**Q** 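Sharing a structure below in structure tokens format, with a few things to ask.
Just so it is clear, the structure is predicted and the values come from calculations on it, not from any experiment. Below, chains carry the letters A, B, ... as their sequence lines are ordered, and counting in each starts from 1.
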Amino acid sequence: MACRVSYPEILMLRVRFAPSPTGYLHIGGARTFIFNWLYARRNGGTMVLRIDDTDVERNTQASENSIFEGLNWLDLGWDDFCRQSDRRHVHQQAAEAILERGMAYRDFTPASSTEEEHSHDGGPWLCNPGMRELSRSESDRRAGAGEPFVLRFRVPRESRSEVVVKDLVYGRVTKSTSDLEDFALLRSTGVPTYHMASCADDADLRISHILRGQEHLANTFKHVLIFEALDAPMPQFAHLPLLMAPDGSKLSKRKHGPVVSVTTYRDAGFLPHAFINFLCLLGWSPKDNREVMSRQELIDAFTLENVNHSNAVVNFTDDDPFDPKAVWLNAEHIRSLDLDGLAAKLVPFAEAAGFETNFGKMRQIAPLIQERIKLLRDVSTAADFFFREELPPYDPNELIPQKGDRAMALTVLQTACDIVSTAEFTHDALEAALKSGAEKLKIKTGQMYLPVRVAVCGRKIAPPLFSTLEVLGRETTLQRVARAIKMLKS
RNA sequence: GGCGCUAUCGUCUAACGGUUAGGACGGAGCCCUCUCAAGGCUCAAAUACGGGUUCGAUUCCCGUUAGCGCUACCA
């Protein structure tokens, strides 16, 4: 009894991610998935995705869809799949086995008497009086007569003083058996509880390492007891620090809404890689000051020893749902994308914003905005003037350069109009032509470029001018410069 | 209430018991520059509190405080 069998090192390492479809996939869940995946890849193991859908009341199809949507977007994949609702017989048998071994008992106390549990001063509630001591024959008789009962684990408080968990992250954690209540295995409806179903499945699926949120650390003492009662090899446990909201509360789907949903990040134009990179840095670090890391670098660097023990807060606000560091990491990853890849990713975002475009056009635009956007959706604000037939109205005063006036703007644009209608439409030729235009007018180059920029982009803040003109083409440029001139004159 | 876990700049995090407590994001400033970015440089910013142990404590121990979790026939 003292020395439990655990999974031999040679055996295949198996991890699992077991979300319950009671809400959309949130970033905490995503991080648990990622850490499991990383651990499996790093150690040549297998990753199982198990949908823990035993809570029929709260399960929704929408939640399950959201989980798959999020997971698929992450683009990490899994090796094996199952759902708990298909495995009721496993849980049922496990519960019966524990009852047969005398390590569980039937509790016929009606469910209504739950409120008075809180009135226990000092110590914890341990069990309902009388039920633990019911003889087996009496118990069988009442059950046979159809009396409803809860199956409870008989915590061995007499034979054992404490339960020990050897956690790969938190180390040795113990709990006194006198602080552990006789927890439920089967509800009075016969449906197994989370603890029962989860452990029975983990044992049956031969999960060797359980990496999950720290909220389960306190549950693990119960789980250890169940694995022992099942006479199953003991998996290794590793608990992960929790993700918190800026106000210190635990991240929750209900309280924090879509800001914590994985699909929110996807829809805003995060690169899955950047998102993964960000999440990895919450509660874990490679300890060598690296931050921007590729998937392979993460796999190579990931160890449980480097997982922190304290919770991490995701720094979002009411105004901005995204942690600035996540945004920065995304910008970093966007910059390291090749232009073809970036263009391809940008197209759907431009289309979603209502612009008509295609890969060829986007491929021209991509280099101009690559280091100017932080999220893929920014394409709609950073490059809108490339897509629009006609520029939205803007203030003609914007056309007036620094230390210049309306007259200067007009002269500049008229000069530019001539240049643009004859010059070769390449970056270098346009630069040379506009530069000499400035010289001729005896003004600074900046004073020359600004009116043109505003004329073709509709604003002062835009990508570099000559490349922009090159992409826009002579026709459009001429049209927009002419319109600017008209606006200045009126 | 009981039990468990945790505590370094605003946030994410480094630091064999010996460092001017490091890096990153964000902020401020400067440089570069056709605007905006990107890039380069600089600055501000932290060991929760109180006791020990030690020549020496961010680091080890105890206490306090605070936060989180578990304490359900939720997961």
**Q** Looking only at side-chain atoms of A:Glu371, point me to the closest of B:A38, B:A7, B:G22.
**A**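 Given the options B:A38, B:A7, B:G22, the side chain of A:Glu371 is closest to B:A38.
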
**Q** Just compare B:C73, B:G2, B:A37 and give me whichever is closest to any side-chain atom of A:Pro124.
**A**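 Among the listed nucleotides, the one closest to the side chain of A:Pro124 is B:G2.
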
**Q** Is it the case that the ring center of A:Phe149 lies less than 6.0 angstrom away from the ring center of A:Tyr105?
**A**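 Judged by ring-centre distance (under 6.0 Å), A:Tyr105 and A:Phe149 do not meet the cut-off.
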
**Q** Applying salt bridge (charged side-chain N to carboxylate O under 4.0 Å, His left out), run through A:Asp384 and A:Arg388 and close with a yes or a no.
**A** CA-CA 6 Å; A:Asp384 57 328; A:Arg388 295 183 198 279; 3.5 Å; yes

**Q** Could you work out which one of B:G69, B:G26, B:A75 sits closest to the side chain of A:Trp328?
**A**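 Ranking B:G69, B:G26, B:A75 by closest atom to the A:Trp328 side chain puts B:G26 first.
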
**Q** Could you tell me whether A:Leu242 contacts a base, only the sugar-phosphate backbone, or nothing, with contacts defined as non-hydrogen atoms closer than 4.0 Å?
**A**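 Sugar-phosphate, no base atom in range.
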
**Q** Base, sugar-phosphate, or nothing: which does A:Glu215 touch, judged by heavy atoms less than 4.0 Å apart?
**A**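 Contact class for A:Glu215: sugar-phosphate only.
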
**Q** Report the residue (A:Pro241 or A:Glu332) whose heavy-atom-nearest nucleotide on RNA chain B is the more 5′ of the two.
**A**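 Counting from the 5' end, the first nearest nucleotide belongs to A:Pro241.
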
**Q** On RNA chain B, compare the nucleotides closest to A:Asn308 and A:Lys374; which residue's is nearer the 5' end?
**A**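 Looking at the nearest nucleotide for each, A:Asn308 comes out on the 5' side.
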
**Q** Across all strands, who's sitting opposite B:G56 as a Watson-Crick or G-U wobble pair, both distances under 3.5 Å?
**A**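 Result: none.
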
**Q** Nearest-Å distance, CG (A:Leu329) to P (B:U13)?
**A**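 Result: 13 Å.
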
**Q** Mind checking the P distance from B:U59 to B:G51? Whole angstroms is fine.
**A**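 Here B:U59 and B:G51 have their P atoms 14 Å from each other.
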
**Q** Go through it in stages, so that I can follow the logic: the residues are A:Asp107 and A:Arg154, the test is salt bridge (charged side-chain N to carboxylate O under 4.0 Å, His left out), and I'd like the CA-CA distance, side-chain angles, deciding distance and then a yes or no.
**A** CA-CA 11 Å; A:Asp107 179 353; A:Arg154 191 190 301 276; over 6 Å; no

**Q** Report the distance from atom CG of A:Asp55 to atom C1' of B:A72, rounded to the nearest whole Å.
**A**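 The distance from CG of A:Asp55 to C1' of B:A72 comes to 12 Å, rounded to the nearest Å.
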
**Q** Separation of A:Phe153 atom CZ from B:C73 atom C1', in whole Å?
**A**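 Taking atom C1' of B:C73 as the reference, CZ of A:Phe153 is at 17 Å.
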
**Q** Kindly say whether the aromatic ring centers of A:Phe466 and A:Tyr449 come within a distance under 6.0 Å.
**A**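 Ring-ring flag for A:Phe466/A:Tyr449: true, centres closer than 6.0 Å.
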
**Q** Compute the centroid of each ring, for A:Phe35 and then for A:Phe302, and state whether the two points are separated by less than 6.0 Å.
**A**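 Yes - the distance between ring centres of A:Phe35 and A:Phe302 falls below the 6.0 Å cut-off.
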
**Q** Base, sugar-phosphate, or nothing for A:His195, non-hydrogen atoms under 4.0 angstrom?
**A**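 Contact class for A:His195: base.
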
**Q** Classify A:Arg290 by what it touches in the nucleic acid, base, sugar-phosphate, or nothing, heavy-atom distance under 4.0 Å.
**A**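 Contact class for A:Arg290: none.
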
**Q** By the 4.0 Å heavy-atom rule, please label A:Pro463 as base, sugar-phosphate, or nothing.
**A**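 Result for A:Pro463 = base.
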
**Q** If B:G1 has a Watson-Crick or G-U wobble mate with both distances under 3.5 Å, name it; if not, just say none.
**A**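 Check on B:G1: paired to B:U71, both distances under 3.5 Å.
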
**Q** So what does A:Pro464 hit on the nucleic acid, given a heavy-atom distance under 4.0 Å: a base, only sugar-phosphate, or nothing?
**A**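 Touches a base.
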
**Q** Look through every strand shown and name the nucleotide pairing with B:A24 as Watson-Crick or G-U wobble, where both distances are under 3.5 Å.
**A**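 Across any shown strand, B:A24 pairs with B:U11.
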
**Q** Does the gap between the ring centers of A:Tyr194 and A:His216 come in under 6.0 Å?
**A**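 Ring centres of A:His216 and A:Tyr194 closer than 6.0 Å.
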
**Q** Select one nucleotide: of B:A37, B:G26, B:G69, the one nearest the side-chain heavy atoms of A:Arg372.
**A**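 Between B:A37, B:G26, B:G69, the one nearest the side chain of A:Arg372 would be B:A37.
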
**Q** Distance between the C1' atoms of B:C60 and B:C16, in whole angstroms?
**A**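 Per the computed distance, 14 Å lies between those C1' atoms.
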
**Q** Write down the distance between CZ (A:Phe149) and P (B:C73), rounded to a whole number of angstrom.
**A**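 Checked: the CZ to P distance equals 15 Å.
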
**Q** Taking NZ, NE, NH1 and NH2 as the nitrogens, is one of them in A:Asp288 or A:Arg290 under 4.0 Å from a carboxylate oxygen of the other?
**A**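 Judged by the 4.0 Å cut-off on N to carboxylate O distance, A:Asp288 and A:Arg290 do form a salt bridge.
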
**Q** Check if the side chain of A:Asp288 and the base of B:G23 share a donor-acceptor pair of N or O atoms closer than 3.5 Å.
**A**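 Absent.
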
**Q** Tell me which nucleotide among B:A75, B:A72, B:C34 gets nearest to the side chain of A:Arg453.
**A**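 Given the options B:A75, B:A72, B:C34, the side chain of A:Arg453 is closest to B:C34.
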
**Q** Rounding to an integer number of Å, can you tell me how far A:Ile226 CD1 sits from B:A75 C1'?
**A**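 These atoms are roughly 13 Å apart.
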
**Q** Indicate, with a heavy-atom threshold strictly under 4.0 Å, whether A:Ala462 touches base, sugar-phosphate, or nothing.
**A**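 Base, at least one base heavy atom under 4.0 Å.
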
**Q** Would you call A:Arg132 and A:Asp182 a salt bridge, taking side-chain N to carboxylate O under 4.0 Å as the test?
**A**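 The answer is yes: the pair qualifies as a salt bridge.
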
**Q** Round to the nearest Å and state the distance from A:Asp167 atom CG to B:G4 atom P.
**A**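 My rounded result for the distance is 15 Å.
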
**Q** Determine the Euclidean distance between corresponding P atoms of B:C25 and B:A37; express it in Å to zero decimal places.
**A**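 Between the two P atoms, the distance is 16 Å.
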
**Q** B:C30 pairs with which nucleotide, Watson-Crick or G-U wobble, both distances below 3.5 Å?
**A**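 Across any shown strand, B:C30 pairs with B:G40.
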
**Q** Please determine if A:Arg106 forms a cation-pi arrangement with A:Phe108, meaning its NZ or CZ atom is less than 6.0 Å from the six-membered ring centre and no more than 45° off the ring axis.
**A**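 Checked: cation-pi criterion not met.
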
**Q** Looking across every strand, which nucleic acid part, if any, lies under 4.0 Å from A:Gly283 by heavy atom: base, sugar-phosphate, or nothing?
**A**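 Sugar-phosphate contact only - A:Gly283 comes under 4.0 Å of backbone atoms but never of a base.
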
**Q** Taking atom P in both B:C43 and B:G4, what distance in whole Å separates the two?
**A**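 Comparing P positions in B:C43 and B:G4 gives a spacing of 46 Å.
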
**Q** To the nearest Å, how far apart are A:His239 NE2 and B:C70 C1'?
**A**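 It works out to 11 Å between those atoms.
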
**Q** What's the gap between B:U65 and B:A24 when it is taken at their P atoms, as a whole Å value?
**A**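 Looking at atom P only, B:U65 and B:A24 are 38 Å apart.
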
**Q** Heavy atoms under 4.0 Å, any strand shown: does A:Asn219 hit a base, just sugar-phosphate, or nothing?
**A**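 Contact class for A:Asn219: base.
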
**Q** If you only use heavy atoms from C-beta on, which nucleotide in B:U11, B:C68, B:C34 is closest to the side chain of A:Asn315?
**A**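 Selected nucleotide: B:U11.
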
**Q** Please report whether the ring centroid of A:His223 lies less than 6.0 Å from that of A:His195.
**A**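 For A:His195 and A:His223, the ring centres are under 6.0 Å apart.
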
**Q** For the aromatic rings, using the six-membered ring if either is Trp, is the centroid distance between A:Tyr265 and A:Phe322 under 6.0 Å?
**A**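 Between A:Phe322 and A:Tyr265, which both carry aromatic rings, the centre distance is below 6.0 Å.
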
**Q** Indicate, with a heavy-atom threshold strictly under 4.0 Å, whether A:Ser188 touches base, sugar-phosphate, or nothing.
**A**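 The answer is base, as A:Ser188 lies within the cut-off (heavy atoms under 4.0 Å) of a base atom.
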
**Q** Would you indicate which nucleotide in B:A24, B:A7, B:U13 comes nearest to any side-chain atom of A:Ser310?
**A**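 From the listed options, B:A7 comes nearest.
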
**Q** In whole angstrom, give the distance that lies between atom OH of A:Tyr105 and atom P of B:C73.
**A**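 Distance check: A:Tyr105 OH to B:C73 P gives 11 Å.
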
**Q** Base, sugar-phosphate, or nothing for A:Phe221, non-hydrogen atoms under 4.0 angstrom?
**A**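 Nothing, no nucleic acid heavy atom in range.
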
**Q** Centre of A:Phe349's six-membered ring, under 6.0 Å away, within 45 degrees of the axis: is that where NZ or CZ of A:Arg377 sits?
**A**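 Here A:Arg377 fails the 6.0 Å and 45° test against A:Phe349.
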
**Q** Under 4.0 angstrom, heavy atoms only, what part of the nucleic acid is A:Lys250 near: base, sugar-phosphate, or nothing?
**A**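 A:Lys250: backbone/sugar contact only, no base atoms under 4.0 Å.
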
**Q** Output the residues of residues 171-179 of chain A in contact with RNA chain B, where contact means a heavy atom of the residue under 4.0 Å from an atom of the strand; sort by number or write none.
**A**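 Those residues are A:Val173, A:Thr174, A:Lys175, A:Asp179.
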
**Q** Answer with base, sugar-phosphate or nothing: what part of the nucleic acid does A:Met448 contact at a heavy-atom distance below 4.0 Å?
**A**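 Counting heavy atoms under 4.0 Å across all strands, no contact is made by A:Met448.
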
**Q** Could you please name the partner base of B:A66, counting Watson-Crick and G-U wobble pairs only when both distances are under 3.5 Å?
**A**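 The base-pairing partner of B:A66, which may sit in any strand shown, is B:U6.
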
**Q** Choose from B:C25, B:U13, B:C70 the nucleotide whose nearest atom is closest to any side-chain atom of A:Lys222.
**A**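 Nearest nucleotide to the side chain: B:C70.
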
**Q** Please classify the nucleic acid contact of A:Val150 as base, sugar-phosphate, or nothing, using heavy-atom distances under 4.0 Å.
**A**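 Here A:Val150 touches the bases of the nucleic acid.
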
**Q** Looking only at atom P, what distance separates B:U64 and B:G26, rounded to whole Å?
**A**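 41 Å, rounded to whole Å.
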
